[in-house]
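Numbered from 1 within each chain, the chains take letters A, B, ... in sequence-line order. Note that the structure is a prediction, hence the values are computed from the model and not measured.
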Amino acid sequence: MSIRLDPLQTLDLDSTLCCGQAFRWDKHGEWWYGIVKGKAFKIRQRSNRLEFENVEIGFLKAYLGLDDNLQEVYSQIRKDRHVEQAVERFRGLRILRQDPWECLISYICATYKNIASIKGMLLNLSRKFGDKVTFDGLGFYTFPTAEKLARASASEISDCSLGYRAKYVHETAVTVHEGKLELEYLVKVSYEKAKAELLNLPGVGLKVADCVSLFSLGKFEAFPVDVWVKRALMRHYNLHFPREFIRRISDKRSLTNSEYGRLNVFGREYFGGYAGYAQEYLYHYERMQR
DNA sequence: TAGTTGCCTTCGAG
DNA sequence: ACTCGAAGGCAAC
């Protein structure tokens, strides 16, 4: 199956799937293989054609955010030469609409880890607690349900090399399984409300709450600040902050909540309602400079 | 060869 | 309100 992308549906599939927003995609030859909400499928892009197998077009379009109006996004976030360059370089990179549960656990695991390790942890978790699905002669594993992880012990989860994150994953799984927090409901509420709810979960701080809000709840105003975005802001936006503040955060490797809040508010006020898109371009651009 | 740094940070003590 | 240090483990340097 394939569709032709019209000019308004600019897409850079490679950047979208490898930029580090989702962790369970792998490229074999020209095809990207992944499993989303229990469905294993493959996709490839050849200029303005998007080819896919084993997935409904509606599901795929929703997942890839193909109906997001990137022209509008770009016109809103293009505030200076630096984002302009990032946008030019990765034009067509889209924010995925990930499954909230998988996204939540992924980013709880992501703290203080690099992308390769995060992929490893999530693969271990899926192999151990998910169900195997075969497609195209390849094996995939569904992402473990909240119930499955809630019933597991923290030490079984720890065996997936999660370290101290194991107990956060377990406790969050229990909370969600017991119905204390309805993740799908967060799609409907405001960014502030969703973020506040997420912050009640163990292992979820400001950064993780912003990532989940942006990558799975459709809150495009969320502006996650990780070490790379922090570097980008210090390098290219330092004039927007007091010199003393920049000096202070450049010395330390981690941010306090109030320092995080300051960078986060700047991003949202400066870039506007699509600050999350700006964040992802800045993030990817910064990383690709090595 | 062995040691250090860094990683899409959070939590709890003081 | 703040600072500080600990918390897997692995790859890159």
Spacing of NZ belonging to A/Lys230 relative to OG belonging to A/Ser254, to within rounding of 0.5 Å: 7.5 Å
Separation of atom CD1 in A/Ile157 from atom P in C/dG8, rounded to whole Å: 15 Å
Non-hydrogen atoms of A/Ile95 and A/Asp68 that approach each other most closely: O-OD2, 4.3 Å
Heavy-atom closest contact (A/Gly92 atom, A/Leu70 atom, distance): CA-CD1, 3.9 Å
Euclidean distance for P, B/dC8 against C/dA6 (whole angstrom): 22 Å
Least distance between heavy atoms, A/Leu5 atom then A/Gln9 atom: CA-OE1, 3.8 Å
Separation of the P atoms in C/dG5 and B/dT5, to the nearest angstrom: 14 Å
Separation between the P atoms of C/dG8 and B/dG12, rounded to whole Å: 14 Å
Closest approach of A/Arg262 to A/Phe241 (non-hydrogen atoms, all atoms of both residues): O-CE2, 4.2 Å
Euclidean distance, atom CG of residue A/Leu162 to atom P of B/dT10 [Å, nearest integer]: 15 Å
Nearest-Å distance for atom pair OH/C1', residues A/Tyr164 and C/dG8: 8 Å
Contact residues, residues 93-116 of chain A to DNA chain C [heavy atom, < 4.0 Å]: A/Tyr112, A/Lys113
Any side-chain donor near an acceptor of the partner, A/Ser216 and A/Arg97, under 3.5 Å: no
Side-chain donor/acceptor contact of A/Glu280 with base of B/dC8 under 3.5 Å: yes
Any residue meeting salt bridge (Lys or Arg N to Asp or Glu O under 4.0 Å) with A/Asp99, in chain and number order, not counting sequence neighbours: none
Length of the CE-P vector between A/Met121 and B/dC8, whole Å: 10 Å
Euclidean distance, atom CD1 of residue A/Ile118 to atom P of C/dA11 [Å, nearest integer]: 14 Å
Name of the residue among A/Ile108, A/Ile157, A/Val204 meeting side-chain contact (heavy atoms from CB on, under 4.5 Å) with A/Tyr168: A/Ile108
Residues A/Tyr283, A/Asp226; criterion side chain to side chain donor-acceptor pair (under 3.5 Å); working and verdict: CA-CA 8 Å; A/Tyr283 169 78; A/Asp226 71 311; 4.8 Å; no
Contact summary for A/Phe143 and A/Arg24, nearest pair of heavy atoms: N-NH2, 3.4 Å
Candidate list A/Tyr277, A/Trp228, A/Phe90, test ring pair (Phe, Tyr, Trp, His ring centres under 6.0 Å), partner A/His284, passing option: A/Phe90
Spacing of A/Lys119 atom NZ relative to B/dC7 atom C1', expressed in whole Å: 15 Å
Identify the pairs formed between an N or O of the protein and an N or O of nucleotides 3-6 of chain C at a distance under 3.5 Å, and give each distance.
{"residue": "C/dC4", "atom": "OP2", "partner": "A/Lys252", "partner atom": "NZ", "Å": "2.4"}

Sugar-phosphate only, base, or nothing, as touched by A/Val229 at under 4.0 Å among non-hydrogen atoms: nothing
Spacing of A/Tyr283 atom OH relative to B/dC7 atom P, expressed in whole Å: 10 Å
OP1 or OP2 of B/dC7 under 4.0 Å from side-chain N/O of A/Arg231: yes
Can you tabulate the close N/O pairs, meaning under 3.5 Å, that link protein atoms to atoms of nucleotides 11-14 of chain B?
{"residue": "B/dC11", "atom": "OP1", "partner": "A/Gly203", "partner atom": "N", "Å": "2.6"}
{"residue": "B/dC11", "atom": "OP1", "partner": "A/Val204", "partner atom": "N", "Å": "3.4"}

Side chain to side chain contact (heavy atoms under 4.5 Å, CB included) partners for A/His177, two or more places apart: A/Ala146, A/Glu147, A/Ala150, A/Arg151
Under the 3.5 Å Watson-Crick or G-U criterion, the dot-bracket string of DNA chain C, with | for inter-strand pairs: .||||||.|||||
Spacing between A/Trp228 atom CH2 and B/dG6 atom P, to the nearest angstrom: 11 Å
Pair A/Tyr74, A/Tyr281: side-chain N/O donor-acceptor within cut-off below 3.5 Å: yes
C/dG8 glycosidic torsion: syn (within 90° of 0) vs anti: syn
Minimum heavy-atom distance between A/Ser106 and A/Ile118, given as atom pair plus value: O-CG2, 4.2 Å
Member of A/Arg91, A/Gln71, A/Arg94 meeting the side-chain hydrogen bond (donor to acceptor under 3.5 Å, both in side chains) criterion with A/Thr10: A/Gln71
